[in-house]
Each structure stands twice: as C-alpha cells, then as structure tokens.
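Residue numbers start at 1 and run along the sequence shown.
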Amino acid sequence: SSALAADAMQSLPRDHVVRPFAQMLTGWMQALGGQADVGIQNLNQSLLLAHSEGLVGTEVEAQALLATVLLSRRDIPAADTLVRDALQNWEGRGLTHFLASGALLSGPAAFLAARAGDREAAASRLRQAQEAALTFGTVFPWLHVISHAFSAAAHATLGDRAQAGHHLET
C-alpha cells in the first residue's frame, strides 16, 4: 500500500542514494491510489532530490510519472515542460538505453507531440510506447494500460480513430 511505501521511504535518511527512487515510487502509488495531491508532492520532491544527487535516470522517471499525473489533471503546460526536460535529459545525456525511463516517458511524449501537431515526433514516440507496452506490460500491467491510453489519445488527436480504437481494445 502507499502508506507502507511512505513509511519505508520516510525511514531512509534524506541523503540515502535510494531515497529519490523510493520517494518517486511512493508518490506514484499515492497518485494511483487517489491521493494525487500528496503524490504530486512526493514526485516533485523525488525529482528535486534526484537532480541534486545526479541520478538522471530517476530524475527522468520522476518527470515522466509527474507529467502523467498532471496530464490526468489537464495541466498540459506543466506536463509539457516536464516531458521536454525529461526528453532532453534522456536523449541529451545518452540514457536511451535506460529502457524503463523510455517506457515511462514515451506515452506522455507521444500524446503531447500529437497535441502540438508534430506528426513525426508523435509517430516516433508511439513506436516507443508500443515497444514499452510489449516489453514491460506483463511485468507492470499499469504501464501497459497507460501506454495504450496515451497511444489511443495520440492517435485520436492525430485523427486516426481506427488506431485509437485499437489501443482502447487492447
């Protein structure tokens, strides 16, 4: 439960190398469990800690998860900023081999690219989201659902109702 995760995270010293990751997972669990406000706080704190400690993979993952939560609240500008920063970190710092980071980032990035009318970027991110769903979907069912939901939204935004429907059926 998110309460157990929060207790475990709080028991870690603030400067412990695992603390940003633990705080990210706690925030994500809280957001999924209906405690979005406190989840957002923990995701933001995780992001700040990861950045200050140079944990770029965790920083990118926290940005992607926070963007997902903010998109669910229709805070498009804040989510877009987070996704742009995360993509810059992920690609610009040579972390594209961090597949989990890319899996978390590809769905929101695909939707936001489609929303901006950037068909080429949307298509690229949609391919990444599909790969993420295939690679991680059986291990993380929530990631499978989120990847398909963002893919459906991106295709619908691009006017491809057939593909959007396909993603909603999977």
Exercise. Any side-chain heavy atom of I76 within less than 4.5 Å of one from L112?
Worked result: yes

Exercise. In Å and rounded to the nearest 0.5 Å, what is the CZ to CG distance from R119 to L126?
Worked result: 11.0 Å

Problem set entry | Criterion side chain to side chain contact (heavy atoms under 4.5 Å, CB included) on V83 and Q63, from CA distance to verdict | CA-CA 7 Å; V83 167; Q63 288 170 312; over 6 Å; no

Exercise. Which pair of heavy atoms, one from A36 and one from R73, lies closest together, and at what distance?
Worked result: CB-NH2, 3.4 Å

Exercise. Within a strict 4.5 Å, meaning less than it, do heavy atoms of the E53 and P20 side chains meet?
Worked result: yes

For this session: Would you mind checking if R125 and D118 are paired as a salt bridge, meaning a charged N to carboxylate O distance below 4.0 Å?
Result: no

Problem set entry | Cluster link V139 to L134, ILVMFWY, side chain under 4.5 Å | no

For this session: Give the minimum heavy-atom separation between A62 and M24, together with the two atoms involved.
Result: N-SD, 3.4 Å

Exercise. When rounded to the nearest 0.5 angstrom, what is the spacing between CD in Q30 and CD in Q35?
Worked result: 5.5 Å

Problem set entry | Path from F150 to L168 over hydrophobic side-chain contacts below 4.5 Å | no

Problem set entry | Shared hydrophobic cluster for F111 and L158 (ILVMFWY, side-chain gaps under 4.5 Å) | no

Problem set entry | Sidechain N-carboxylate O distance under 4.0 Å for R84, E91 | no

Exercise. Hey, is the main chain of V69 close enough, under 3.5 Å, to the side chain of S72 for a donor-acceptor pair?
Worked result: yes

Problem set entry | Spatial distance of atom CZ (R115) from atom CG (L71) [nearest 0.5 Å] | 9.0 Å

Exercise. Is it true that atom CD of Q130 has more than 12 heavy atoms of other residues, nucleotides or ligands lying nearer than 6.0 Å?
Worked result: no

For this session: Would you kindly confirm whether F136 and W90 end up in one hydrophobic cluster when ILVMFWY residues are joined by side chain heavy atoms under 4.5 Å apart?
Result: yes

For this session: Please round to the nearest 0.5 Å and tell me the distance separating atom CD of E131 and atom OG of S147.
Result: 11.0 Å

For this session: Give the cluster check for L25 versus I40: same hydrophobic cluster or not, with ILVMFWY residues linked at side-chain heavy-atom distances below 4.5 Å.
Result: yes

Exercise. If you take all heavy atoms of A79 and A67, which pair is closest and at what distance?
Worked result: CB-O, 3.7 Å

Seminar exercise, completed: Heavy-atom nearest pair, A122 first then A113, reads N-CB, 3.6 Å

Exercise. Hey, does L66 have a side-chain heavy atom less than 4.5 Å from the side chain of W28?
Worked result: no

Problem set entry | side chain to side chain contact (heavy atoms under 4.5 Å, CB included), paired with L70, selected from L65, T81, L82 | L82

Seminar exercise, completed: dist E61:CD -> L47:CG (nearest 0.5 Å) comes out at 11.5 Å

For this session: Classify the angle between the aromatic ring planes of H148 and H167 as parallel (below 30°), tilted (30 to 60°) or perpendicular (above 60°).
Result: tilted

Problem set entry | Non-hydrogen atoms of H144 and G137 that approach each other most closely | CB-CA, 3.6 Å

Exercise. Any side-chain heavy atom of P141 within less than 4.5 Å of one from V145?
Worked result: no

For this session: Decide yes or no for L49 and Q45: does some side-chain heavy atom of the first lie under 4.5 Å from some side-chain heavy atom of the second?
Result: yes

For this session: Please examine the side chains of S46 and F21, heavy atoms only from C-beta on, and report whether any two atoms are closer than 4.5 Å.
Result: no

Exercise. With distance as the sole criterion, is a donor-acceptor pair present between the side chains of Q23 and N42 under 3.5 Å?
Worked result: yes

